[in-house]
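For reference, the structure discussed in these notes is given below.
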Amino acid sequence: MKAFTQSLQGLWSQLGLNQRVSLIVAALAVASGLIGVVVWSRQPDYQLLYGRLSEKDASQIIAQLQSQNIAHKTANGGTTIYVPATHVHRLRMDLAGKGVPSGEGVGFEIFDKGQFGLSDFVQRTNYLRALQGELARTISQLDGVRAARVMIVQPENRLLVTNQGVKPTASVFVELSKSNLEPDAVNSIRNLVANAVQGLVPDQVAVVDNKGRVLSEDLKQDPTLASASSQMRYRQQIEDYLAKKVETMLAPVLGVGNAVVRVSAEIETEATTSMQERFDPDGQVVRTQTQTEDISNSTEQRSGGATGVAANTPEKPAAEVQTRPGSVTETNRKNRTTSYEINRTLTNTTRQPGSIRNITAAVFVAQRYSPAPAGSAPGTEPVPRPRTPAEIQDLRQIVINALGLKAAPGQDLDTLISLQELPFMTEPVSAGIEQIHSETRIQGWLEAAQANVPLVVGAFVLLFFVRMLRRQQPEPVPIELLSAPVVTGLSKGNNGHGVLTPDMLNQLIQQKPANIGTALRDYMAVKKN
């Protein structure tokens with residue numbers, strides 16, 4: 001270390017004034033550069049906290065950041081706020097708990113202040129605005145949605161309703177933070193808006209993204225399966241459900257990933273209505289029976305005596321009255337009416353589309369392997385152990401029962417289920433895993449290099465300047481330059497003598513200031529000798 005210090009001191013003493021000034025300036029520039037690089041590397045990584053804020057929300061957020069002494073930056077006229085990456089998630093949770101930002105549009109806080117004298121139309125308009133704002137805030141919380149706007153159209157409330165077919169509709173505009181939005185998320189948006197508006201159904205809610213795509217078009221429910229998209233979607237749902245049902249049942253037995261199931265379903269897409277009326281003449285039944293019976297008896301007798309005055313005399317005894325013979329009449333009538341009904345069967349059958357007409361399945365089962373025998377060399381591959389036909393048939397029967405297949409007359413269910421045992425290719429999977437590991441390692445190296453690049457660059461620049469200084473040795477000035485014959489023309493007052501005058505020294509310094517130190521040392525050494 002001492003020798004190195006002495007060498008530096010000797011090198012410094014050999015430099016001229018201009019060289020020393022240049023070296024000091026270069027050293028200050030290098031030090032300033034290193035300090036700037038270190039300061040720049042130690043600056044926090046700013047990330048987006050919120051963007052496209054209103055002035056009110058931006059002012060509230062900045063006030064919260066200042067109260068917590070958190071560094072922040074603004075952009076886009078103050079509507080975008082950046083904070084250090086270590087504080088992004090915590091600040092979002094804290095601000096969300098305080099209701100900041102309030103989101104685009106207004107919510108139900110519009111009714112916090114009492115407003116008197118407003119008409120019914122203004123009240124209904126404010127309610128619609130509040131409902132749209134609340135729905136937009138809720139949708140913006142979904143994963144993959146950066147911002148949202150909701151527009152609701154409700155039929156006009158009239159005293160006399162002239163058109164009963166007018167129903168409420170809604171449109172949702174979403175700005176995505178990723179390339180696409182999952183169908184489940186789109187369906188959740190439709191149901192969220194539909195359940196918040198009275199009389200609105202999910203099929204009347206249109207969801208559009210910032211790329212101009214209608215995300216809800218393929219999700220509309222078609223009970224009649226009239227469109228091709230509805231048929232394909234319904235068929236895919238049935239096939240995925242059945243395939244997943246079989247795979248989840250085979251996984252505990254064969255192992256996860258050792259069975260691949262694909263199901264093909266034939267769906268009935270036509271709606272049919274049939275009516276059948278059948279009569280059975282042998283199955284007669286009595287419908288009504290009426291029986292009437294009339295019996296009447298009548299007797300007629302004749303009584304009288306002699307004509308004249310004696311017949312009109314009341315004092316005669318009764319025994320003297322003469323009785324004449326009479327007639328007796330008897331009537332008996334019966335009436336029976338019976339109505340019979342023929343057995344009649346009326347059958348009305350309506351079949352909706354969506355029933356499963358036929359199912360076929362293809363199942364791949366991974367081949368079994370026996371463990372390597374004890375004492376075998378390392379790296380010995382396991383020996384395959386194929387399944388017996390009885391085991392294959394048992395697995396096929398399990399799949400048949402899981403799918404709920406029933407044999408039709410003259411049909412063999414084994415022809416509907418194709419089950420094969422094949423060795424699965426695992427090399428591409430392992431290669432993909434190794435590639436992921438290598439990419440992870442490379443990413444770690446890049447992050448470490450990015451953190452240490454400023455220090456490495458500073459050290460390299462410092463070594464480069466030190467190496468250049470070591471190479472720049474002052475060019476020695478021969479003693480002959482200081483002799484009288486050489487310096488004669490330099491000064492008019494030397495008179496041809498070998499004496500170095502101050503004027504000559506000044507002229508030499510002006511001509512070669514970088515080497516004057518070496519020349520003087522050499523000159524003094526010669527004089528001493």
Side-chain angles (χ1 to χ4, degrees), residues 36-110 112-113 126 128-152 170-182 185-186 188-189 192-193 206-215 443 446-447 449-451 453-454:
V37 170
V38 172
V39 171
W40 172 79
S41 63
R42 292 183 178 274
Q43 286 183 352
D45 182 18
Y46 283 91
Q47 290 188 1
L48 177 65
L49 179 63
Y50 289 110
R52 296 186 179 182
L53 296 170
S54 61
E55 296 180 358
K56 180 180 179 181
D57 292 338
S59 62
Q60 293 179 356
I61 293 174
I62 292 176
Q64 292 290 337
L65 296 177
Q66 291 177 352
S67 63
Q68 299 180 16
N69 295 326
I70 297 177
H72 60 277
K73 295 191 302 184
T74 60
N76 298 329
T79 59
T80 304
I81 300 177
Y82 296 88
V83 295
T86 56
H87 300 288
V88 171
H89 301 291
R90 182 182 63 83
L91 286 174
R92 285 179 179 175
M93 290 187 292
D94 294 343
L95 295 173
K98 298 178 182 179
V100 180
S102 59
E104 297 182 359
V106 294
F108 282 108
E109 65 272 5
I110 193 174
D112 292 343
K113 298 180 180 180
N126 290 337
L128 190 62
R129 290 179 56 197
L131 183 60
Q132 293 177 164
E134 293 293 338
L135 288 174
R137 295 175 185 177
T138 306
I139 296 173
S140 300
Q141 302 300 320
L142 294 177
D143 185 19
V145 178
R146 183 178 302 168
R149 294 191 64 184
V150 180
M151 287 74 73
I152 299 174
S171 301
V172 181
F173 174 82
V174 291
E175 182 180 355
L176 304 181
S177 59
K178 53 184 181 181
S179 60
N180 198 1
L181 196 62
E182 297 296 332
V186 179
S188 65
I189 293 175
L192 175 67
V193 177
V207 182
V208 183
D209 65 355
N210 54 336
K211 297 182 180 179
R213 297 175 298 184
V214 182
L215 304 179
Q443 185 67 22
L446 291 176
E447 292 179 357
Q450 184 179 2
V453 158

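Nearest heavy-atom pair across Ala71 and Pro84 is O-CD, 3.1 Å. Contact record, Val150 with Ala136: CG2-N, 3.8 Å, taken as the closest heavy-atom pair. Between Ile61 and Tyr50, the shortest heavy-atom distance links the atoms CD1-CD1, 3.6 Å. Pairing each heavy atom of Ala58 with each of Ile81, the nearest pair is O-CD1, 4.1 Å. When all heavy atoms are compared, the tightest approach of Leu176 to Asn210 is N-OD1, 3.7 Å. For the pair Ala170 and Val193, the tightest heavy-atom approach, listed with the atom from each and the gap, is CB-CG1, 3.8 Å.
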Assess the residue pair Val172 and Leu135 against the criterion (side chain to side chain contact (heavy atoms under 4.5 Å, CB included)); give the C-alpha distance rounded to whole Å, side-chain angles, the decisive distance to 0.1 Å, and a yes or no.
CA-CA 9 Å; Val172 181; Leu135 288 174; over 6 Å; no
I'd like to know whether Asn180 forms a side chain to side chain contact (heavy atoms under 4.5 Å, CB included) with Arg213, so could you lay out the CA-CA distance, the side-chain angles of the two residues, the decisive distance to 0.1 Å, and finally the verdict.
CA-CA 10 Å; Asn180 198 1; Arg213 297 175 298 184; 4.0 Å; yes
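Under the rule for a salt bridge (charged side-chain N to carboxylate O under 4.0 Å, His left out), Arg129 has no partner lying at least two apart in sequence or in another chain. A search for side chain to side chain donor-acceptor pair (under 3.5 Å) contacts involving Gln64 returns Lys98, not counting sequence neighbours. Qualifying salt bridge (charged side-chain N to carboxylate O under 4.0 Å, His left out) partners for Glu175, counting only residues two or more places apart in sequence or in other chains: Arg52, Arg146. Applying the side chain to side chain donor-acceptor pair (under 3.5 Å) rule to Thr80 yields the partners Asn76; only residues at least two apart in sequence or on another chain are considered. Asn126 is linked by a side chain to side chain donor-acceptor pair (under 3.5 Å) to nothing, counting only residues two or more places apart in sequence or in another chain.
Applying the salt bridge (charged side-chain N to carboxylate O under 4.0 Å, His left out) definition to pairs two or more places apart or across chains, those involving residues 74-91 are Arg90-Asp94.
With rounding to the nearest 0.5 Å, the separation of OG1 in Thr138 from CG in Leu192 is 6.0 Å. Atom-to-atom distance recorded for Leu142:CG and Ile189:CD1 is 5.5 Å, nearest 0.5 angstrom. Between Leu65 atom CG and Lys73 atom NZ the span is 13.5 Å, to the nearest 0.5 Å. Expressed to the nearest 0.5 Å, how far NE2 of His72 lies from OH of Tyr82 amounts to 14.0 Å. Here the CD1 atom belonging to Ile62 is positioned 10.5 Å from the CG atom belonging to Leu49, to the nearest 0.5 angstrom.
A 4.5 Å side-chain heavy-atom check between Asp209 and Leu181 finds every atom pair outside the cut-off.
The neighbour count for Glu182 CD, taken as heavy atoms of other residues, nucleotides or ligands under 6.0 Å away, does not exceed 12.
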